2 protein chains.
Amino acid sequence: MDSKVNLTPQRKAIYDVICESNNHPTAAEIIENLKENGFRFAYGTVYNSLHYLTEAGLIHELKLGEGSSRYDGNIDEHQHIQCEICGRVDEVFTEINGEWLEEIDKETGYTVKSHQVILKGVCPTCQNQ
Amino acid sequence: MDSKVNLTPQRKAIYDVICESNNHPTAAEIIENLKENGFRFAYGTVYNSLHYLTEAGLIHELKLGEGSSRYDGNIDEHQHIQCEICGRVDEVFTEINGEWLEEIDKETGYTVKSHQVILKGVCPTCQNQ
DNA sequence: TATTATTTTAGACTTAGTCTAAATATAGGT
DNA sequence: ACCTATATTTAGACTAAGTCTAAAATAATA
């Protein structure tokens with residue numbers, strides 16, 4: 001990880017919002033949240049910062065097939081599960097079996113570089129309704 | 001699967017394009033392809049048809065995090081791998097181990113309904129370049 | 001201080017897709 | 001065949017999410 005990350009005030013504020021949120025916010029939600037904290041950055045700045053932070057490895061971009069990306073301040077290897085009903089996103093730490101990835105390498109001839117698992121289901125809260 | 005699927009000429013033409021393509025086309029690619037075959041449908045019709053066919057279970061919509069959905073005429077259970085370099089998408093039939101899904105159920109408290117694995121890598125062709 | 005590089009800004013623009021109201025086509029009943 | 005009801009298609013306006021650009025502001029370096 002590069003130690004020369006240039007954390008401008010804008011990038012820091014955005015990073016903080018992501019880390020303090022516990023629900024994997026979208027860019028729109030981040031902007032909303034910044035506004036509540038008294039910040040109002042240009043759209044370009046927000047998207048640019050999100051790319052920068054992602055590139056720097058400080059956050060992860062989650063593409064769950066919703067039309068907008070979500071951002072995650074937890075950069076440990078993990079996957080996600082999303083509730084079909086309320087939309088909340090939770091972390092999943094049980095990792096996929098490594099053999100499976102090797103199988104795929106053999107089956108497809110691809111050199112597998114990364115995998116992302118998107119789970120959908122019903123969260124505990126929504127189960128009781 | 002409902003046997004009363006209303007396959008209008010437009011829907012049939014779109015379905016055929018998807019089935020005859022071997023590279024999981026996007027809506028834009030489908031429209032392009034239709035044009036080459038002499039069809040020119042309204043955008044609304046194409047998107048509406050894609051939803052209808054997906055809903056009817058005749059095709060699958062793939063959201064690989066690219067900004068536009070792809071469509072797949074192969075409705076057998078399988079996953080996908082995409083080449084980071086050329087973008088082509090191939091099928092993966094080696095299935096994930098079922099125990100893994102049960103683990104997640106336990107770990108998260110969610111009732112898991114579906115899972116999608118998006119693999120990224122380098123395809124055989126791009127490896128030789 | 002002067003120069004250069006980096007970042008932010010506002011706002012125009014793009015892409016992918018949705019929505020709407022009118023026009024067409026299809027199906028069922030008489 | 002004719003009337004009515006329902007389903008589908010069409011054109012084009014509209015939306016959401018994000019990118020791009022050129023100018024202004026900051027920061028870093030000589």
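Proteins come first, then strands; the chains are lettered A, B, ... in the order of their sequence lines, and each starts at number 1. This one's a predicted model, so the numbers in the text were calculated from it and none came from an experiment.
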I need the residues from residues 11-41 of chain A with at least one non-hydrogen atom less than 4.0 Å from DNA chain C; give them sorted by number, or say none. A/Arg11, A/Phe41
Rounded off to whole Å, could you give me the NZ-to-C1' distance for the A/Lys4 and D/dA27 pair? 16 Å
Please state how far atom CD in A/Glu66 lies from atom P in D/dG18, giving the value in whole angstrom units. 11 Å
In terms of side-chain heavy atoms, does B/His51 have a donor or acceptor partner in B/Glu61 at a distance below 3.5 Å? no
In whole angstrom, give the distance that lies between atom CG of B/Leu64 and atom P of C/dA16. 14 Å
Which whole-number value in Å describes the distance from A/Lys63 NZ to D/dA16 P? 21 Å
Atom-pair distance (OH on A/Tyr43; P on C/dT14), nearest Å: 19 Å
Pairing of B/Arg70 and B/Asp72 as salt bridge, 4.0 angstrom limit: no
Nearest to the side chain of A/Asn6, which nucleotide is it out of C/dT7, D/dT9, D/dT10? C/dT7
A/Gln82 side-chain N/O to A/Val89 backbone N/O, donor-acceptor pair under 3.5 Å: no
Could you state the CZ-C1' distance from B/Arg70 to C/dT15, rounded to the nearest angstrom? 15 Å
Using a heavy-atom cut-off of 4.0 Å across all strands, would you classify B/Thr45 as base, sugar-phosphate, or nothing? base
Distance below 4.0 Å between B/Gln10 side-chain N/O and D/dT10 OP1 or OP2: yes
Please state how far atom CG in A/Leu7 lies from atom C1' in C/dT7, giving the value in whole angstrom units. 13 Å
To the side chain of B/Tyr52, which of D/dT9, C/dT8, D/dT8 is closest? D/dT8
Can you check the B/Asn48 CG to D/dT8 P distance for me, whole Å? 8 Å
Return whichever of A/His51 or A/Pro9 has its heavy-atom-nearest nucleotide of DNA chain D closer to the 5' end. A/His51
To the nearest 0.5 Å, what is the distance between CZ on B/Arg40 and OG1 on B/Thr45? 13.5 Å
Considering only C/dT18, D/dT9, D/dA11, which nucleotide approaches the side chain of B/Ala42 most closely? D/dA11
Check the pair A/Ser21, A/Glu29 against side chain to side chain donor-acceptor pair (under 3.5 Å), reporting the backbone distance first and the verdict last. CA-CA 10 Å; A/Ser21 159; A/Glu29 286 163 356; over 6 Å; no
Examine distances only and state if a side-chain atom of B/Asn37 and a backbone atom of B/Phe39 form a donor-acceptor pair shorter than 3.5 Å. no
If you apply the rule side chain to side chain donor-acceptor pair (under 3.5 Å), what do you find for A/Thr94 with B/Glu107, and how did you get there? CA-CA 8 Å; A/Thr94 308; B/Glu107 180 194 335; 2.3 Å; yes
Between B/Tyr47 and C/dG17, is there a contact of a side-chain N or O with OP1 or OP2 at under 4.0 Å? yes
